[in-house]
There are 2 protein chains.
Amino acid sequence: MNRPAKDRLYQHIAQVAQAIGNSHRLELLDLLVQAPHSVEQLALAGGMSLANASQHLQRLKHAGLVVGERLGTTIRYRLADPIVARLWIELRTVALSQLADVERALDEYRPQRQQFPTITPAALQAGMMRGDTLLLDVRPPEEFNAGYLPGAISIPLDTLPTRLTELPTDALIVTYCRGPLCVYADEALAQVIARGRRGARLEEGVAEWQLAGYSIERLAA
Amino acid sequence: MNRPAKDRLYQHIAQVAQAIGNSHRLELLDLLVQAPHSVEQLALAGGMSLANASQHLQRLKHAGLVVGERLGTTIRYRLADPIVARLWIELRTVALSQLADVERALDEYRPQRQQFPTITPAALQAGMMRGDTLLLDVRPPEEFNAGYLPGAISIPLDTLPTRLTELPTDALIVTYCRGPLCVYADEALAQVIARGRRGARLEEGVAEWQLAGYSIERLAA
DNA sequence: ATAGTACTCAATTGATTTATTGAATATTCA
DNA sequence: TGAATATTCAATAAATCAATTGAGTACTAT
């Protein structure tokens with residue numbers, strides 16, 4: 001058995017794990033799961049400097065996890081392959097399951113998450129088939145445009161206050177956003193319920209939805 | 001949006017990725033996927049010092065990926081949960097798919113892997129149903145005892161030379177070992193084919209087999 | 001109680017990673 | 001051609017990681 005060749009093999013594989021072994025790069029991947037983003041957008045959304053974001057993107061690119069394409073003066077980064085989304089979801093699932101600190105940190109970040117009802121994908125689909133459930137996608141519009149759950153209506157969180165009166169009073173309002181690590185759907189739901197509507201949150205975002213075997217819709221290009 | 005809480009959340013999740021961001025720790029996980037091992041066994045199989053192996057195991061334990069239980073003077077380590085095996089397989093799959101260097105390193109470690117036929121799990125099962133296929137598990141006996149593919153016979157690689165005459169001449173001999181990063185099945189297959197038998201390798205080990213939805217057998221305790 | 005075995009821990013050293021800063025590069029527009 | 005915008009790169013300092021060494025701990029057998 002070739003010990004040096006075996007060591008090199010594991011070292012190469014470890015490179016991918018090293019690429020995702022940083023909190024900023026994980027957040028960048030989480031953003032890219034929703035839609036392609038420019039460096040500027042990623043730096044802003046991830047709360048890091050432009051140079052820092054760019055450096056982290058080079059690390060992710062070098063590990064084959066993202067690719068960038070130039071569009072004029074901007075470079076649009078996206079996931080290199082859907083299996084990268086799967087790896088991120090798997091990592092997050094293991095972290096949540098195996099480390100109590102992750103669950104605690106999630107409660108601190110999403111303090112409202114135990115206060116409202118949740119709904120499963122299957123129950124959501126049944127409700128939408130019956131016609132008594134309304135599904136709201138409260139992500140930014142570029143993320144909705146990149147792909148959304150079937151039947152979802154886009155009401156970005158920042159526009160919700162002026163649009164609450166549009167919501168029917170006799171339906172169950174279901175909100176979703178980027179997935180389990182996102183608070184947008186919690187905040188939207190709080191407003192919906194405060195306004196007297198019945199509501200629930202879907203924990204899954206588009207990536208979790210697809211990983212569970214359901215399909216998404218996409219606007220015509 | 002609570003920026004500090006969000007940062008902490010991603011930092012906690014990154015801890016798990018950091019834990020697997022080292023080649024030695026990946027090899028330890030790969031070994032533990034097959035069966036629980038003592039620190040001494042792991043250090044030997046992984047080509048590292050006892051103290052180093054122990055340190056890496058502490059890192060994996062702290063990330064919730066392995067657990068240890070004392071049995072007399074030895075501590076037997078095992079995966080904390082099957083989802084850890086899934087994470088390892090997912091990471092490896094991404095690495096093989098996204099980095100050409102990983103494929104090259106695998107070729108260097110397994111130089112014979114393109115020379116022999118392979119067989120899919122479905123074709124293997126069909127052949128065993130027909131009764132014209134013999135499945136050999138060439139891992140060490142403790143790993144076979146921890147769980148093996150249904151219908152497999154255990155012939156550890158080091159005992160194969162003295163047992164080749166036992167093999168039927170009219171069946172397809174299929175070998176498997178720890179999975180895609182293991183050479184045991186290649187070396188066994190070379191001997192089987194050199195002795196004039198028809199042979200093929202199954203790339204999947206027990207973890208890949210289970211992840212694909214098939215069940216394994218286990219000897220009564 | 002002591003010796004043997006297995007394992008862990010702490011300190012040290014050298015290597016690697018990360019964020020910042022300022023310069024450099026690429027593209028577009030007037 | 002030059003200015004503006006977007007992005008990357010290189011150098012630096014601080015923080016973190018990994019392997020080794022030697023000491024310490026836990027368990028077992030005599």
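Excluded from the calculations below are hydrogen atoms, water molecules and symmetry mates; all remaining heavy atoms, backbone and side chain alike, are included. By convention in this document, chain letters (A, B, ...) are assigned in the order of the sequence lines, proteins followed by strands, and residues within each chain are numbered from 1.
For C:dA6, the OP1/OP2 oxygens have no side-chain nitrogen or oxygen of B:Thr73 closer than 4.0 Å.
Rounded to an integer number of Å, the gap from B:Leu50 CG to D:dT21 P is 13 Å. Following rounding to the nearest Å, A:Gln58 (CD) and C:dT18 (P) show an atom-to-atom distance of 14 Å. Between A:Asn52 atom CG and D:dA10 atom P the separation is 17 Å, expressed in whole Å. One interatomic measurement links the two molecules: NE2 of A:His56 to C1' of D:dT8, which rounds to 14 Å at whole-angstrom precision. Straight-line distance from the CD atom of B:Glu69 to the P atom of C:dT8: 13 Å, rounded to whole Å. Look at NE2 on A:His24: it is 4 Å from P on C:dA19, rounded to the nearest Å. A straight line from CD1 of B:Ile75 to C1' of C:dT5 spans 13 Å, rounded to a whole angstrom. Spacing between atom CG of A:Leu42 and atom C1' of D:dT8 amounts to 15 Å, rounded to whole angstrom units.
Closest to the side chain of A:Glu40, out of C:dT5, D:dT8, D:dT7, is D:dT7. The side chain of A:Tyr77 lies closest to D:dT8 when the candidates are C:dT5, D:dT8, C:dT28.
At a threshold of 4.0 Å, the pair B:Glu103-B:Arg113 counts as salt-bridged, since one of the basic side-chain nitrogens sits closer than that to a carboxylate oxygen. Ion pairing between A:Glu90 and B:Arg92 fails under the 4.0 Å rule for side-chain N and carboxylate O. In summary, B:Arg3 and A:Glu27 engage in a salt bridge, as defined by a charged side-chain N under 4.0 Å from a carboxylate O. Look at B:Asp101 and B:Arg104 and you find a salt bridge, because one of the NZ, NE, NH1 or NH2 atoms lies within 4.0 Å of a carboxylate O, short of that distance.
Under the 3.5 Å distance criterion, the side-chain polar atoms of B:Arg218 are matched with a main-chain donor or acceptor of B:Ala146. With hydrogens and angles ignored, the 3.5 Å screen pairs no side-chain donor or acceptor of B:Glu108 with any backbone N or O of A:Ala5.
Ring pair A:Tyr10/B:Trp88 is parallel by interplanar angle, where below 30° counts as parallel and above 60° as perpendicular.
Positionally, the nearest nucleotide of DNA chain C for B:Thr74 lies more toward the 5' end than for the other of B:Thr74 and A:Ser23.
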Per-nt protein contacts along nucleotides 10-17 of chain C (heavy atom under 4.0 Å; B base, S backbone sugar-phosphate only, - none) come out as BB-----S

